[in-house]
Amino acid sequence: MTGPAGGRHSLPYTANLSILFTELPLLERAPAARAAGFTAVEFWWPFDAADPRPVEVERFVRSIEQAGVQLTGLNFFAGDMAAGERGLVSWVGREAEFAVSLTIALGIAERLGCRSFNALYGNRIEGVEPSEQDELALVQLGTAAEAAAGIGAQLVLEPLSGMPSHPLKTAADAVAVLDKLGRDNVRLLVDLYHLAVNGDDLDAVIAEHTPRTGHVQIADAPGRHQPGTGELDLEGYLEKLQAAGYDGHVGIEYKPDGPTVESLAWLPVERRGN
């Protein structure tokens, strides 16, 4: 399979602007991505708190609209990411924060056409039984999935690396939650970097789980930098995903080794837009 510009696949890309173009203030990143040739973008939670002021939400929405790009994905509030927090889905005692961020995310999505939400599961909490966290996660994922279904949207569940206290490390870990939940619009997020670092067999993941994959993200490993800086055959894996039936966006979610625009030399400009 040969995609445009000689690529081995033809999947569309979306630029994650919570990790790319961080040389710029958040509200200037969508225009910068558009200037670099992208027509689709995604974000982690773009605010400092679960319940930002309405003016902050309005400014964020306008930055996307005025840049003329499509918002393809948005994380729910995940806590203090810089401090190591990785989601509130299973965090007992912070249900109100999750609920308010769900409402705000849905409002943003309705305005911008976003139909995919990353629901980060959350770390294990000292003093709380894992079973209690897992029970809460099923309740909150069910509530969020039902709300998302109301606008024709999906949730994705992501295994993560680098956080020993995060219980979802492999594709199988996340799929086990999907099986318990039993919701068609809650799917697997295949981040090739995280899965590779955690020792998952990427070929086996693609062969077994592509039908349940709702989103794909990439970075090279080791290092989590742009393709070509590590050892992963990212083009090859994307080709296999497409051949197995995946036809969604590929989130570019790496830490640029150098200025963002220079780090994009691996991706021809004509492959950045959709």
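Along the sequence shown, residues carry numbers from 1.
Heavy-atom contacts from other residues, nucleotides or ligands closer than 6.0 Å to CD of E146 number 12 or fewer.
With hydrogens and angles disregarded, a donor-acceptor distance shorter than 3.5 Å links the side chain of N185 to the backbone of A145. Checked by atom type and distance alone, the side chain of D200 never pairs as donor or acceptor with a backbone atom of L202 at under 3.5 Å. In this structure, the side chain of N123 engages the main chain of G84 through a donor-acceptor pair within 3.5 Å. Not one N or O on the side chain of Q133 forms a donor-acceptor pair closer than 3.5 Å with the backbone of V89. Under a 3.5 Å cut-off, the side chain of E158 and the backbone N or O of L120 do not form any donor-acceptor pair. With T229 contributing its side chain and Q226 its backbone, the two residues share a donor-acceptor pair below 3.5 Å. In this structure a side-chain-to-backbone donor-acceptor pair under 3.5 Å is present from D220 to E231. Judged purely by atom type and a 3.5 angstrom limit, T22 has no side-chain atom pairing as donor or acceptor with the backbone of S18.
Looking at heavy atoms from C-beta onward, H215 lies out of side-chain contact with R187 at the 4.5 angstrom threshold. By the 4.5 Å heavy-atom criterion applied to side chains, T72 and C114 are not counted as neighbours. Side-chain contact between I104 and V57 is present, with heavy atoms from C-beta onward closer than 4.5 Å. Side-chain contact between D203 and Y237 is present, with at least one heavy-atom pair separated by less than 4.5 Å. Using a 4.5 Å cut-off on side-chain heavy atoms (C-beta onward), R8 and D233 make contact. Considering only heavy atoms from C-beta on, L157 stays 4.5 Å or farther from V175 through its side chain. Residues I19 and K255 form a side-chain contact, since some pair of their non-hydrogen atoms from C-beta on lies under 4.5 Å apart. Using a 4.5 Å heavy-atom threshold, the side chains of V41 and L20 count as separate.
Ring planes of F76 and F117: parallel class, angle under 30° (limits at 30 and 60°).
Residues L264 and Y193 do not share a hydrophobic cluster, clusters being chains of Ile/Leu/Val/Met/Phe/Trp/Tyr side chains in contact below 4.5 Å. No single ILVMFWY cluster, assembled from side-chain heavy atoms under 4.5 Å apart, contains both V156 and V177. Both W266 and L234 belong to a common hydrophobic cluster when Ile, Leu, Val, Met, Phe, Trp and Tyr are linked at side-chain heavy-atom distances under 4.5 angstrom. F77 and L102 fall within the same hydrophobic cluster, where Ile, Leu, Val, Met, Phe, Trp and Tyr residues are linked whenever their side-chain heavy atoms come under 4.5 Å apart, directly or through other members. Taken together through direct or relayed side-chain contacts under 4.5 Å among Ile, Leu, Val, Met, Phe, Trp and Tyr, V128 and F98 form part of one hydrophobic cluster.
Remark: of the listed residues I64, L112, T14, I64 is the sole one forming a side-chain contact (heavy atoms from CB on, under 4.5 Å) with V69. The side-chain hydrogen bond (donor to acceptor under 3.5 Å, both in side chains) test with H9 singles out one residue from Q242, E235, E239, and that residue is E235.
Summarising the geometry of A137 relative to S90, their closest heavy-atom pair is CB-CB, 3.9 Å, with the distance given to 0.1 Å. Annotation for L232 and A196: closest pair CD2-CB, 3.9 Å, computed over non-hydrogen atoms. Minimum heavy-atom separation, D247 to P12: O-CD, 4.5 Å. What you find for L74 and P46 is that their closest heavy atoms are CD1-CD, 3.8 Å. Of all heavy-atom pairs spanning A221 and V197, the tightest one is CB-CG2, 4.1 Å. The nearest pair of heavy atoms linking A40 to H249 is CB-NE2, 3.9 Å.
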Item to check | Test salt bridge (charged side-chain N to carboxylate O under 4.0 Å, His left out) applied to E58 and R111, step by step | outcome: CA-CA 10 Å; E58 187 63 30; R111 293 181 64 182; 2.8 Å; yes
Checklist entry - Given the rule in the side-chain hydrogen bond (donor to acceptor under 3.5 Å, both in side chains) test, do E23 and T260 qualify, once you have shown the distances and angles that lead to the verdict? => result CA-CA 8 Å; E23 306 95 329; T260 297; 3.0 Å; yes
Item to check | S263 vs Y254, side-chain hydrogen bond (donor to acceptor under 3.5 Å, both in side chains): CA-CA, chis, key distance, verdict | outcome: CA-CA 10 Å; S263 81; Y254 62 74; 2.9 Å; yes
Checklist entry - Between L17 and L26, does a side chain to side chain contact (heavy atoms under 4.5 Å, CB included) hold up when you go through it step by step? => result CA-CA 8 Å; L17 299 187; L26 186 132; over 6 Å; no
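Using a 4.0 Å cut-off between charged side-chain N and carboxylate O, R86 and D80 make no salt bridge. With respect to the salt-bridge test (charged N to carboxylate O, under 4.0 angstrom), the residues R224 and E253 qualify. Comment: R53 does not engage D48 in a salt bridge, judged by the lack of any side-chain N to carboxylate O separation of less than 4.0 angstrom. The pair E85-R94 meets the salt-bridge criterion, with a side-chain N (NZ, NE, NH1 or NH2) lying under 4.0 Å from an Asp/Glu carboxylate O. A salt bridge links D179 with R212: at least one charged nitrogen is closer than 4.0 Å to a carboxylate oxygen.
The side chain to side chain contact (heavy atoms under 4.5 Å, CB included) test applied to E135 returns no partner, not counting sequence neighbours. In this view, R272 satisfies the side chain to side chain donor-acceptor pair (under 3.5 Å) rule with no residue, not counting sequence neighbours.
Atoms CG and OH, from D173 and Y121 in turn, are 10.0 Å apart once rounded to the nearest 0.5 Å. A distance of 12.0 Å separates CG in L141 from NZ in K180, rounded to the nearest 0.5 Å. Separation of atoms CG (N75) and OG (S101) is listed at 10.0 Å; rounding is to 0.5 Å. To the nearest 0.5 Å, the span separating CD1 on I252 from CD on E42 amounts to 9.0 Å. The structure places OG1 of T143 at 11.0 Å from CD of E95, a figure rounded to the nearest 0.5 Å. Atoms CG and CG, on L189 and L155 in that order, are 11.5 Å from each other to the nearest 0.5 Å.
Remark: aromatic rings of F43 and W45 are distant, center separation not under 6.0 Å. Under the 6.0 Å cut-off for aromatic ring centres, F38 and Y13 do not qualify, their centroids lying 6.0 Å or more apart.
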Check: residues 159-168 side-chain donor-acceptor pairs under 3.5 Å, at least two apart:
| residue | atom | partner | partner atom | Å |
| --- | --- | --- | --- | --- |
| S161 | OG | H194 | ND1 | 2.8 |
| H166 | ND1 | L168 | N | 3.3 |
| H166 | ND1 | L168 | O | 3.2 |

